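Computed from a prediction, not measured in an experiment: that's the story for all the values here. Quick note: numbers below take in every heavy atom, side chains included, and nothing from hydrogens, waters or symmetry partners. Within every chain, numbering begins at 1; the chains are lettered A, B, ... in the order of the sequence lines, protein sequences first and strands thereafter.
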Amino acid sequence: MTLPTNSAPLARYRTMRRIRSFEERVGELFLKGESAGSMLHLSIGEEAVVGMTDAMQPGDTFTTHHRGHGVFLGRGADPARMMAEIAGKEDGYCRGKGGSMHIADRALGHLGANAIVGGGIPHIVGAGISYRNTRSGQISVAFFGDGAMSQGILYESMNMAALWHLPVIFCCINNQYGMGTRVDRSAGNRDFPARATAFGLNAARADGADVEAVHDAARSLAAAARDGRPGYLEIDAYRFFGHARMDKSPYRTPEEEVEGRARDPIARARARLAETDAATAADLDRIDGDAAVEMDLALAHAIGAKPPALSTMFEDVYAPGTPAPRPQAERLAAILGEGARA
Amino acid sequence: MTLPTNSAPLARYRTMRRIRSFEERVGELFLKGESAGSMLHLSIGEEAVVGMTDAMQPGDTFTTHHRGHGVFLGRGADPARMMAEIAGKEDGYCRGKGGSMHIADRALGHLGANAIVGGGIPHIVGAGISYRNTRSGQISVAFFGDGAMSQGILYESMNMAALWHLPVIFCCINNQYGMGTRVDRSAGNRDFPARATAFGLNAARADGADVEAVHDAARSLAAAARDGRPGYLEIDAYRFFGHARMDKSPYRTPEEEVEGRARDPIARARARLAETDAATAADLDRIDGDAAVEMDLALAHAIGAKPPALSTMFEDVYAPGTPAPRPQAERLAAILGEGARA
Amino acid sequence: MTETTYRDAIRQALLDAMQADPSVILIGEEVGLYGGAYGVTKGLIDLFGAERVIDAPISEPAIVGAAVGAAMTGLRPVAELMYVDFIGMTMDQLANQAAKSRYMFGGQIGVPMVLRTQGGTGRSAAAQHSQSLEAWVLHTPGLRLVMPATVNDAYHLLRQSLTQPDPVVFIEHKGLYTMKGDLDVATPDGAWGQPVIRRDGHDLVILSYSRMLHESLAAAERLAESGVDACVIDLRCLNPMDEAPLIEAVKRTGRAMVVTEGVVTGSVASDIAARLTEVCFDWLEEPILRVGGEDIPIPVSPLLERASIPTATLIHDTALWLVTRKAPPWAA
Amino acid sequence: MTETTYRDAIRQALLDAMQADPSVILIGEEVGLYGGAYGVTKGLIDLFGAERVIDAPISEPAIVGAAVGAAMTGLRPVAELMYVDFIGMTMDQLANQAAKSRYMFGGQIGVPMVLRTQGGTGRSAAAQHSQSLEAWVLHTPGLRLVMPATVNDAYHLLRQSLTQPDPVVFIEHKGLYTMKGDLDVATPDGAWGQPVIRRDGHDLVILSYSRMLHESLAAAERLAESGVDACVIDLRCLNPMDEAPLIEAVKRTGRAMVVTEGVVTGSVASDIAARLTEVCFDWLEEPILRVGGEDIPIPVSPLLERASIPTATLIHDTALWLVTRKAPPWAA
Ligand SMILES: Cc1ncc(C[n+]2csc(CCOP(=O)(O)OP(=O)(O)O)c2C)c(N)n1
Ligand SMILES: Cc1ncc(C[n+]2csc(CCOP(=O)(O)OP(=O)(O)O)c2C)c(N)n1
Ligand SMILES: [Mg+2]
Ligand SMILES: [Mg+2]
């Protein structure tokens, strides 16, 4: 389909819808028993992160946490290769070695999803040093959850970014929970932007139900970051479902869920687009339908794709052309096999 | 000597003077080649920390950083046993195993000096949990330098303290340098109390040239901490000498040093005591002289004390009565010795 | 004697210890309301309250550091790392603080804490949630190290850990939580620091621990079919560890191998093999062989994951060779 | 060929690499204005400026993490940890990030960084500033590990490290900085990954690295006086490591020992001994022995500190026994 021209909000709607459809298919992949493991973290409810990814430019880089599918789709990922990776298949983004929590793509600037809470955050400091030193004009963005607000390495990284005037942004997707812990049970003071300010960053907080509000904040933070004034953006969102595929959410009430899910960035965007006549209901339905088809295809692709060959296991530990790990069977064979004895 | 009664400021003067005399003797110990190593960090210029130690009560506990002699003397340390430890002697506080950077004393509440910048900070969180759970009324205080403001574990600890309403205080002795790095070269935003506030602590900053100002701030923070409102105190001081005994301070100018050393808490206290007629010059001179004699004796004791027996090396790795490490000579002997072969 | 799971045996040990000793507290991520990522601490917060079952923010270094301080001041904390893979963030607090405090401070300040965590493969959890990192701990004087393989040990080794005056790292295996077995709360499988012979045999010794014990026992069953009689020893405690029964068994059979799920290079298996070789050399008919995880990060693909760690088949084939010198097909 | 110190050889390597390749940067505490805690980076900030010689706050985890990110985006960072003892704070960034990125991401994202640090005893720096922790690194697939013992290696191994596509942990020894030796910038002592025979001999092999190489060489001199001819091999690179020359030497002599300064349990020495025993068993006359640091934290007392690590005497006595079966006095 072709989008109505000059309609960035509509494009963002489309991306958000694609994210949601994708995540729904990840759920299916799991239910069909085709995912690699059950550590699948869906970003449904957090699609307004597109407000941030849309404020980035080609060449900009980023790292994500374990709940990073949406961010990556926002930066242009191929859902079929993503889904194949989540299924642990050879033609996934990472050859079936990384899975949902470790997707990356050099070409699109994705420096890697991380299963260590906070693990990917300092990498943007290093990227920031690269871009500062080469005056490349790029920025680097770390996406992470509210849980990472408790990791010390975040503050070390913020301090370095401010001290060295690095072109970076720390983007906290606050979905109100770190696993089963609501944010008021993990933070002595919930004013996260105040923390960022105290470390010398430009800090903002945006309503995660409103992708355009997120985008406005992100745009101005990105512009400042590109100028060497690093920023912090908190997207105030809601995690619609459990932490991972096995979580029955005993730690939150149904009322809490209903209230949280009412803050749906897709519904909100849809309503606003209709209100402002930026798109007809038919346009939006078409977008939704296209997303569904696209993600069905991605799912089918992943299920049909080949698993990696066993020999690939020893590849990529080190760069090609350098000494590779010796397979254990080879080591034992050299001891056990013929000719190995005096 | 007997101190004039009701004269806490005079007692603090005395403690500060004893600290300075002690540190001067540590310098001598090193020059005489009698110290265990050269990693000796003098707290000269930072004596106003006594304002904080004096706000603590018997039973309160604390941890310190590597520059902790003054803090410990402020809490009642025996300088002879301290000096012996710094000389690596058997009757030092830690049997000659710890040295200057690892002095501790259970009895006086010293949970340990630490050579890892920031390493001792989270321990007060645990102590705080103990005191909270038992309603013991104790507080625990972490003393550390401005350098530790860059360690993530500090913020993790602050957050826990605020979240759990622990009876603890984070006391930063800002002596303007972390080794050769002036604080403006390590902090993106030098407003440290703002960081503590953002994490939910009661925060204050006091002039480290004025022990009574430090004490006033410390008293009110300690009272709040005892009530479950944890605090942060920054003592704004100056490190008169190099980082450790080998440092020639190439990273700071003589002017900077002159200006910094003008902020001498001992000179200031002396002047004020004289001004307010709290003590005569003769009283103060007597205090100074007594301190000098006391520390000369400590130095002599340390030099004369016995080094630890070699066999003590294997003690204290684990508690007495539990399996101890096997000395290597014993292991090898069992292989090499008679009867060890088929 | 009751049948229960490894998971519930650990929970029972925590429960009994907390009931017996009010100074025992739990601190870790999701140990309270959520009941533990693997359900081990379910319900304990209801029984003991939030002051003793402490849900911590995601701050591993400070969690371990707080446990150190709590242990120094009269509590007996059980800190939990949700995955042993996160131990890297805490190695300073663990190896420089918990392990060394007693020593540095001349014996004055002990740190009687337990660090509970779990490791290993089996859930396609990929490179950062599947490791076996006990070798780092073994190399750190001052830390005790325990890795239970059975339901009864899960209970008793944890109870024993909670009586130790020094820090204990207690590593569970995520693949064992649902394993059933007999729990006899009155009778431990063995004393603290004692290896246990799980299957006696006179042809060779297979030394193992944690989940690999079960692969080793399975291999031993298959070896029996080939007429080879393997002695399988469960190391249980890696520090302290009484080497005497191992030495006895190795000298008796003259043939031994060590099996670990951890990456084989620099592993616990290397260390045990080297130690035993030193003292048993004259009795050895063959070298002590190491079978362990491949020298690679753990891949997410379930296929590759499974192939990256030892199987009963590999253990069997290697053992068979040790005894018969019959090279397995893959070693031709 | 010029005479210089180990310290200056490292400095020269950094200088030459920075001149040859503008993507090389340094990041660490006190590497700039102060010139390095041990003076290694003195003056480099004047030559290359503060954008390439970056004085970092005391944030070890983020220093290593920043180096990872810089390496991912085109720079070739040399991160410095002032003491290897601080590596505990960084094991997550080192072992879960630097080491695993290439693998987890299917080969897309390499991390060509060097982590320079120094370890070892000799300065009464006590338990948290004197350790030898290379065993943790060796056990981590994805990390290369280099420990130079000589002036020429200090230069060349660092230059070689700076051409590697994967993360290299480069561990210096604080006791070697002032050691003098010949530097030949045109000729490395050996290729990347190759052990080097520092003294040939046919009676036994002593395998060592870093400062213990020199104790081993001293022991070999004294062994020669007793008519025992020791071959002393410098391992240099622990990963990658070509085992062929080691195997050859061990088979040739039938007797070997491994010497490390690190705590012996779970050490590199255990691993090398286990590996070589597996392949050389039929050629061994005696077990491969390990000589290493005592299983204790390092005490501050200079007396105890010295006694806690291997001496030339201990190496000599152990070697002599291996060859003559003459038990040393302390093993009677
Ligand atoms: C260092 C570390 N600690 C703990 C975990 C286990 N864990 C995985 S996700 C998670 C919650 C993270 O919460 P948040 O950062 O808010 O991200 P969200 O899942 O809400 O997107 C936890 C505790 C982990 N993966 N890494
Ligand atoms: C984790 C760690 N990093 C680095 C060092 C080396 N070091 C010792 S003291 C010091 C400076 C500390 O500065 P600060 O905290 O301000 O304390 P001060 O020495 O000024 O009292 C540094 C970098 C260390 N001991 N521990
Ligand atoms: Mg969250
Ligand atoms: Mg300072």
One should read off an interatomic distance between B:K97 NZ and C:K100 NZ, to the nearest 0.5 angstrom, of 14.0 Å

The reported gap from CD1 in B:I124 to CE in C:M72 (rounded to nearest 0.5 angstrom) is 12.5 Å

Side chain from CB out, backbone as N, CA, C, O: work out which of these in C:A56 comes under 4.5 Å of a heavy atom of chain B, or both, or neither. both

With a 4.5 angstrom heavy-atom cut-off, which part of B:N159 approaches chain C: side chain, backbone, both or neither? side chain

Would you say the side-chain atoms of B:N133 pair up with the backbone N or O of C:R52, donor to acceptor, closer than 3.5 Å? no

Work out which heavy atom in C:D166 is nearest to a heavy atom in B:A319; give both atom names and the distance. OD2-N, 2.7 Å

With chain B, the option among C:R102, C:E60, C:E278 that has the most non-hydrogen atom pairs under 4.5 Å is C:R102

With a 4.5 angstrom heavy-atom cut-off, could you sort out which part of B:I121 is near chain C: side chain, backbone, both or neither? neither

Which region of C:P240, side chain (C-beta onward) or backbone (N, CA, C, O), has a non-hydrogen atom less than 4.5 Å from a non-hydrogen atom of chain B, or is it both or neither? side chain

Mind running side chain to side chain contact (heavy atoms under 4.5 Å, CB included) on B:R95 and C:Y103 for me, showing each step along the way? CA-CA 9 Å; B:R95 311 184 66 194; C:Y103 195 80; over 6 Å; no

Interatomic distance, C:Q164 atom CD to B:Y318 atom OH [nearest 0.5 angstrom]: 11.0 Å

In terms of heavy-atom contacts, C:G142 and B:V317 come closest through N-CG1, 3.9 Å

All heavy atoms of C:A70 vs all of B:S130, minimum pair found to be O-OG, 3.6 Å

Let me know if B:Y155 has heavy atoms under 4.5 Å from chain C in its side chain, its backbone, both or neither. neither

Inter-residue atom distance B:R326.CZ - C:E243.CD, 0.5 Å rounding: 6.5 Å

Grab the two heavy atoms, one from C:T73 and one from B:G126, that are nearest each other, plus how far apart they are. OG1-O, 4.1 Å

Toward chain C, the part of B:P325 with a non-hydrogen atom under 4.5 Å: neither

Quick one: pull up CD1 in C:I54 and CZ in B:R132 and give me the separation to the nearest 0.5 Å. 5.0 Å

Taking every non-hydrogen atom, the tightest pair across C:S59 and B:M160: CB-CE, 3.9 Å

B:A115 portion near chain C, given a 4.5 angstrom heavy-atom threshold: neither

Segment of B:M158 engaging chain C (4.5 angstrom heavy-atom cut-off): neither

Evaluate the side chain to side chain contact (heavy atoms under 4.5 Å, CB included) criterion for residues C:M104 and B:N114: first the C-alpha distance (whole Å), next the side-chain angles of each, then the deciding distance (0.1 Å), finally the verdict. CA-CA 10 Å; C:M104 295 191 304; B:N114 220 297; 5.5 Å; no

Honestly, the part of C:D242 sitting under 4.5 Å from a heavy atom of chain B is neither

Under 4.5 Å heavy-atom distance to chain C, tell me which part of B:Q138 shows up: side chain, backbone, both or neither. neither

When B:T322, B:T61, B:T134 are compared by non-hydrogen pairs under 4.5 Å with chain C, the top option: B:T322

Quick check: closest heavy atoms across C:I27 and B:W164, and the distance to 0.1 Å? CD1-CH2, 3.9 Å

With side chain to side chain contact (heavy atoms under 4.5 Å, CB included) as the criterion, how do B:H123 and C:Q93 come out once you've worked through the C-alpha distance, each side chain's angles and the decisive distance to 0.1 Å? CA-CA 9 Å; B:H123 305 169; C:Q93 284 299 319; 2.9 Å; yes

Which residues pass the side chain to side chain donor-acceptor pair (under 3.5 Å) test with B:D105, sequence neighbours left out? none

Could you name the residues of residues 105-115 of chain C that have a heavy atom within less than 4.5 Å of a heavy atom in chain B? C:F105, C:G106, C:G107, C:Q108, C:I109

Atom pair CD1/CG of B:I116 and C:D92 - distance to nearest 0.5 Å: 4.5 Å

